[in-house]
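These notes are about the structure you will find just below.
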Amino acid sequence: MTNQDISRELEEIADLLEIAEANPFRIRSYRRASEAVADLAEEAATLVAEDRLTEVPGIGKGIAAVIEQLVTTGVSEDKEALLVDYPAGLLEMLRISGFGPRKAAVVYRELGISTVDDLEAAAESEKLQELPGMGAKTEEKLLSAIADYRRGQERALLGDMLPVAEMLVEKLRQHPDVIAAEYAGSTRRCRETVGDLDLLATSDDPAAVCQWFAGLDALEQVIMAGDTKVSGRLSGGRQVDLRVVEQQSFGAALQYFTGSMQHNVRVRERAQKMNLTVNEYGVFEFHDETKGDMVAGATEEEVYAALGLPWMAPELREDRGEIAAAEEGRLPDLIELSDICCDLQMHSHYSDGHTTIEQMARTCIALGYQYMGITDHSQALRVANGLDAERLNAQHEEVLELNEKLEAEGSDFVVLHGLEADILSDGAVDVPDGCFDLLDFVIGSLHQGFSTDADRITGRMVTAVESGMIDFVGHPTGRLLLARQPYGLHLDQLISACAEHDVALEINASPQRLDLDDVHSRRAVEQGCKLTINTDAHDPQMLHSMRYGVMQARRGWVEAPTVINTWPLADLKAWLAARRK
DNA sequence: GCCGTTTTCGGCCCGACTGTTTTCAGTCG
Ligand SMILES: Nc1nc2c(ncn2[C@H]2C[C@H](O)[C@@H](COP(=O)(O)OP(=O)(O)OP(=O)(O)O)O2)c(=O)[nH]1
Ligand SMILES: [Mg+2]
Ligand SMILES: [Mg+2]
Ligand SMILES: [Zn+2]
């Protein structure tokens, strides 16, 4: 069982407990534990074996026992027991927006309904109206929500939604009644995927802004519209939530709406202990059980300061220890896009890229980089027209000529000649014979034969790392967001090997990869690894994806000096040279 | 179920909107 599988099991237990009307705090514990497992940098099985599960915040003896059972037997007795009373089909019904655990329990208890299809049929034949707490409107909305559920992908790529968020924020800012607007939620935290778009605006007349927004053409459907918030769907079905408050509450509202939910809960618990209370309008004094004066709210800095904390970057707000770190002055000095001075993975028409090396270089220059690495595929990757010795030599000539041309133009931009070499089935690195000394650096990537078992794949990659032939590992887990699971590999062993042999790990900045992810980037740095953030661009436009890689790095608490492509060229060359001895 | 510079027991974030409600539960952010 992968951590992701375990996380889902815990979440489903929480859902079942909620249908069963269990203690809400107990339910919350399962949800928190589910997130904690999803955020683990190590395999849960390892923690079980070493009896370290309860060291994880949010996992105590009870849930540790559940996880242990899941790891060893694949099933949880507690969950099986719940499933005796409440069939698994009810879990799917909870995905329908506006249909929660209480209604699920009622329709199952009263009508025996346990599938979405049956629920739909019951709503169509107006059987739900007879149930307590449900009426004609309930049925109507439910049918619409079922249609939305059937249509939609639960989450979308940040890379697809961030531009939409930016466009909507611009639209808000242009409205005369809007003072300020920002996107918030998981988009502002730069999560790799987002469930919806969360927008915040301030105004002297929030109700007017809400009314205007609800009428926008961009909203295909309005789910609800009040005086301070509007929820709707874009064409395509993706949800948008707009929250509008007065300017004096901007900071508090942005803090609230940025989340994460768990971070907010931590913040608010801290406030309680300080005799304060926090909501989306501000930080308030709290005396004798009554709310008193507002002490902060206009800016996020003010809100955190009122709680004795420094402001922290949205990317850190995931309840992964950021509040303790903030309190102790241990917040990382996060890497920024402007720290990046090169891109070290990209392709040209020599393999499966769409344009010339020079075109790519010109775009890198425009992006303000000092140098770049051209890294086409190696010969083993025939589907991508990988380079054999002859073509790699020809490419080398072209790189030399391009550098001369740039120099003649007075540019000090430099093109390094690299190769994205396949890691072959025996762990050998696919650098054509006699070509190693030609290359400034070599990336080792797995592209083929990754559907075997975890030990084999890990072994291949570790062998490549130990060979001394590769300078970094490209897209280390091979995941494609919303499309393909990571290779089943023991990432922790790969990270250890990279730390030992001073091989860097890539954060592939392509919005569908973001690989390594945030938690493993953080883990890799903790283990002493260097990182490198690259776009893996196949055309000039894709070179602009660098920001997504930096976002992922920031979510992983990464600082600039551990990322080799923040280094001046001389430093990178010195590191490469030292590695080759 | 988890957790602990006030606690190993007794707390656990806080508010908006909707529909069916005659005072608020359910769902969601
Ligand atoms: N205090 C508090 N804030 C919440 C709660 N639920 C949501 N929020 C805040 C924090 C969230 O980041 C923000 C937006 O809610 P969303 O449901 O859209 O979540 P978020 O954007 O974080 O993730 P998503 O990618 O949309 O699933 O609202 C809650 O239960 N309590
Ligand atoms: Mg959201
Ligand atoms: Mg939302
Ligand atoms: Zn690749």
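Quick note on labels: first sequence line is chain A, next is B, and so on, each numbered from 1.
On the P atoms, B:dC13 is 29 Å away from B:dG19, given to the nearest whole Å. One P atom belongs to B:dT5, the other to B:dC12, and the distance between them is 16 Å to the nearest Å. Comparing B:dC28 with B:dT23, their P atoms are spaced 25 Å from each other, to the whole Å. For B:dT7 and B:dG11, the C1' atoms lie 9 Å apart once the distance is rounded to whole Å. Nucleotides B:dT8 and B:dG1 are separated by 14 Å at their C1' atoms, to the nearest Å. A gap of 11 Å separates the C1' atoms of B:dT20 and B:dG26, to the nearest Å.
Checking B:dG29, B:dG1, B:dT27 against every side-chain atom of A:N23, the shortest atom distance belongs to B:dG1. For A:N279, whose side chain is taken as the heavy atoms from C-beta onward, the closest listed nucleotide among B:dG1, B:dC13, B:dC14 is B:dC14. Residue A:R102 places its side chain closer to B:dT27 than to any other of B:dT27, B:dC12, B:dC14. For A:P101, the side-chain atoms get nearest to B:dT27 when compared with the rest of B:dA16, B:dG19, B:dT27. Of the candidate nucleotides B:dG1, B:dC14, B:dG29, B:dC14 has the atom lying nearest to any side-chain atom of A:T277.
Interface remark: the A:Y256 side chain does not form any donor-acceptor pair with the B:dG15 base, using a distance-only criterion of under 3.5 Å.
Distance NZ (A:K137) to C1' (B:dC17): 13 Å, rounded to an integer number of Å. Counting to the nearest Å, the P atom of B:dG19 and the NZ atom of A:K141 are 4 Å from each other. Whole-Å rounding puts the A:I63 CD1 to B:dC3 C1' distance at 12 Å. Regarding A:D227, its CG atom lies at a distance of 18 Å from the P atom of B:dG15, rounded to whole Å. To the nearest angstrom, P of B:dG26 lies 18 Å from CE of A:M224. Atoms CD1 (A:I27) and C1' (B:dG1) sit 11 Å apart, rounded to a whole Å. Between the CZ atom of A:R32 and the P atom of B:dG11 there is a distance of 20 Å, rounded to whole Å. In this structure, CD of A:Q255 is placed 14 Å from P of B:dC13, rounded to the nearest angstrom.
Checking the phosphate oxygens (OP1, OP2) of B:dG29, a side-chain nitrogen or oxygen of A:Q239 falls inside 4.0 Å. Residue A:S97 places none of its side-chain N or O atoms closer than 4.0 Å to OP1 or OP2 of B:dT27. Of the side-chain N and O atoms in A:S231, none sit less than 4.0 angstrom from OP1 or OP2 of B:dG29. Listed pair A:Q272 / B:dC14 meets the phosphate criterion, a side-chain N or O lying under 4.0 Å from OP1 or OP2. In this structure, A:T228 reaches the B:dC17 phosphate: one of its side-chain N or O atoms is under 4.0 Å from OP1 or OP2. Considering only side-chain N and O atoms, A:Y281 lies under 4.0 angstrom from the phosphate OP1 or OP2 of B:dA16.
With rounding to the nearest 0.5 Å, the separation of OG in A:S249 from CD in A:Q255 is 12.5 Å. Remark: A:L119 CG to A:I96 CD1 distance equals 5.5 Å, nearest 0.5 Å. The CG atom of A:L17 sits 9.5 Å away from the CG atom of A:N23 when rounded to the nearest 0.5 Å. Atom CE in A:M1 sits 8.0 Å away from atom OG1 in A:T73 (nearest 0.5 Å).
Across all strands, A:N264 comes closer than 4.0 Å to no nucleic acid atom at all (heavy-atom distances). Counting non-hydrogen atoms under 4.0 angstrom, A:R266 reaches nothing in the nucleic acid. Within 4.0 Å (heavy atoms only), A:A225 reaches sugar-phosphate atoms of the nucleic acid but no base atom. Nucleic acid contact for A:V278: sugar-phosphate only, since backbone atoms but no base atoms lie under 4.0 Å from a heavy atom of the residue. The residue A:A136 sits close only to the backbone: its heavy atoms come under 4.0 Å of sugar-phosphate atoms, none of a base. Across all strands, A:P57 comes closer than 4.0 Å only to sugar-phosphate atoms, never to a base (heavy-atom distances). Residue A:L131 is classed as having no contact, given no heavy-atom separation below 4.0 Å to the nucleic acid.
Using a 4.0 Å cut-off between charged side-chain N and carboxylate O, A:E315 and A:R555 make no salt bridge.
Taking a 6.0 Å sphere around CD of A:E50, one finds it holds more than 12 heavy atoms contributed by other residues, nucleotides or ligands.
Mapping A:C210 and A:K273 onto DNA chain B via the closest heavy atom, the residue that lands nearer the 5' end is A:K273. Comparing A:M134 and A:I96 by the nucleotide of DNA chain B that holds the closest heavy atom to each, the one mapping nearer the 5' end is A:M134.
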**Request:** Evaluate side chain to side chain donor-acceptor pair (under 3.5 Å) for A:R155 paired with A:T193, printing each intermediate quantity in order.
**Result:** CA-CA 6 Å; A:R155 303 188 69 80; A:T193 63; 2.8 Å; yes
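Pair check for B:dT8 finds none; no Watson-Crick or G-U wobble contact set falls under 3.5 Å.
Donor-acceptor pairing under 3.5 Å is recorded for the side chains of A:Q239 and A:D241.
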